[in-house]
2 protein chains.
Amino acid sequence: MYTIGQVSELFGLPISTLRYYDKEGLFPTIQRDSGIRKFGEKELEALRVIECLKKSGLEIKDIKQFMEWCVQGSETYPQRRKLFLHQKAAVEAEIERMNRVLDMLRFKCWYYEQAIRDGNEDRLSHLQPEKMPEDIRRAYEHAHSMDA
Amino acid sequence: MYTIGQVSELFGLPISTLRYYDKEGLFPTIQRDSGIRKFGEKELEALRVIECLKKSGLEIKDIKQFMEWCVQGSETYPQRRKLFLHQKAAVEAEIERMNRVLDMLRFKCWYYEQAIRDGNEDRLSHLQPEKMPEDIRRAYEHAHSMDA
DNA sequence: GCTTGACCTAAAGTCAGGTTTAGGTACTAT
DNA sequence: ATAGTACCTAAACCTGACTTTAGGTCAAGC
């Protein structure tokens with residue numbers, strides 16, 4: 001069992017955030033010892049799931065919903081599975097978008113390297129994709145394709 | 001040249017957002033025709049960069065800084081390059097974190113599939129990683145490794 | 001000539017996700 | 001016994017990124 005301060009250290013989260021999560025109902029079955037929260041393995045796993053679901057784009061109130069399903073037992077397995085499937089698809093899509101962003105950034109890094117060498121953007125501003133280096137051209141085209 | 005309404009359509013952004021961006025200084029050299037904004041190729045590229053930098057985690061005020069560098073000319077190429085290098089590293093790190101999140105979600109999807117089959121979590125709660133399917137075990141271990 | 005539609009501004013409002021403040025309890029070391 | 005430290009609550013506050021509101025200009029079509 002851990003105190004809130006220990007969990008704060010373990011996860012690198014401010015104590016105020018942990019209390020906020022508790023207030024929002026994210027640890028529905030947390031125990032207390034004369035008022036003081038006792039974080040067990042259940043709450044640590046909850047925190048791992050919270051960080052995961054948060055990064056997958058879920059809001060606190062929806063994470064709360066999930067935690068309530070966990071309390072309700074085996075009848076909510078299908079909902080919980082559906083939620084994870086849904087968030088998995090969302091993260092896969094997000095990673096695709098991030099890769100496109102990455103390609104734009106790669107292109108811009110190359111662009112300014114060239115601009116620094118040239119001292120101006122004259123050559124670059126007329127540059128056709130065909131004349132770019134292979135990898136840069138692919139990054140450029142991926143970043144500028146508007147098909148998603 | 002495009003009106004604000006046309007750009008809104010093109011980029012799928014609310015008109016209010018475009019006006020907000022302008023107010024925040026994200027189109028420092030936009031032209032106007034008796035008060036009405038005229039978006040040119042420069043502003044469209046600015047918008048692409050805005051979306052890119054926003055997703056890379058930059059705040060509006062830092063994007064404004066970048067746009068100001070663009071107005072200042074060739075002397076700011078090094079700053080601009082440095083910014084893109086920095087954001088590239090940030091996005092690479094973010095994608096790594098997202099892949100870890102994805103592995104957690106993969107594991108949870110598998111977990112609830114099993115729980116639905118079993119009707120309870122008894123077997124799962126004692127399951128050692130060694131006894132999981134290869135791919136799930138790898139996802140589980142990647143997701144639970146606390147080394148970043 | 002008057003309504004409709006697309007544009008404009010300044011200022012106030014909204015929302016999520018925390019953080020800070022103010023005030024209190026309880027154990028421990030000096 | 002008193003100072004320090006770790007915990008507690010309720011409620012106010014904060015931030016970024018928009019969005020909404022209220023009121024106005026201007027050209028086109030009926």
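Residue numbers begin at 1 in each chain, while the letters A, B, ... track the order of the sequences. Keep in mind the model is a prediction, meaning the values are calculated, not measured.
Two different hydrophobic clusters hold B/Met1 and B/Phe39 under the rule that ILVMFWY side chains link at heavy-atom gaps under 4.5 Å. With hydrophobic clusters built from ILVMFWY side chains whose heavy atoms lie under 4.5 angstrom apart, A/Leu44 shares a cluster with A/Leu26.
B/Gln31 and B/Arg37 share no donor-acceptor pair across their side chains, judged by distance under 3.5 Å alone. A donor and an acceptor atom, one from each side chain of B/Glu121 and A/Tyr77, are located under 3.5 Å apart.
Here the C1' atom of nucleotide C/dA11 and the OH atom of B/Tyr20 are 15 Å apart, to the nearest Å. A straight line from CG of B/Asp33 to P of C/dC7 spans 13 Å, rounded to a whole angstrom.
Mapped onto DNA chain C by nearest heavy atom, B/Lys23 and B/Arg19 fall at different nucleotides, with B/Arg19 at the one closer to the 5' end.
Evaluation of the salt bridge (Lys or Arg N to Asp or Glu O under 4.0 Å) rule for A/Glu45 yields A/Arg48, B/Lys108 as partners, not counting sequence neighbours. Remark: A/Arg32 pairs with A/Asp22 by the side chain to side chain donor-acceptor pair (under 3.5 Å) rule, at least two apart or across chains.
Sparse packing is recorded around CD of A/Glu9, with 12 or fewer heavy atoms of other residues, nucleotides or ligands lying under 6.0 Å away. Counting non-hydrogen atoms of neighbouring residues, nucleotides and ligands closer than 6.0 angstrom, the NE2 atom of B/His86 reaches no more than 12 such neighbours.
Between B/Phe84 and A/Tyr112, the ring-plane angle classifies as parallel under the 30° and 60° cut-offs.
Taking CE from B/Met104 and CG from B/Asn99, the interatomic distance works out to 14.5 Å, rounded to the nearest 0.5 Å. The structure places OG1 of B/Thr76 at 5.5 Å from CD of B/Gln79, a figure rounded to the nearest 0.5 Å.
Here the range on DNA chain D touched by chain B, meaning any atom under 4.0 Å from one of its heavy atoms, is D/dG16 to D/dT20.
Here the side chain of A/Ser8 pairs a donor or acceptor atom with the backbone of A/Leu13 at under 3.5 angstrom.
Contacts of residues 51-69 of chain B with DNA chain C (heavy atom under 4.0 Å): none. The stretch residues 34-44 of chain B touches DNA chain C through B/Gly35, B/Ile36, B/Arg37, each having a heavy atom within less than 4.0 Å of the strand. Within residues 4-18 of chain B, the residues that place at least one heavy atom under 4.0 Å from DNA chain C are, in residue-number order, B/Ile4, B/Gly5, B/Ile15.
Contact record, A/Ser74 with B/Gly119: CB-O, 3.6 Å, taken as the closest heavy-atom pair.
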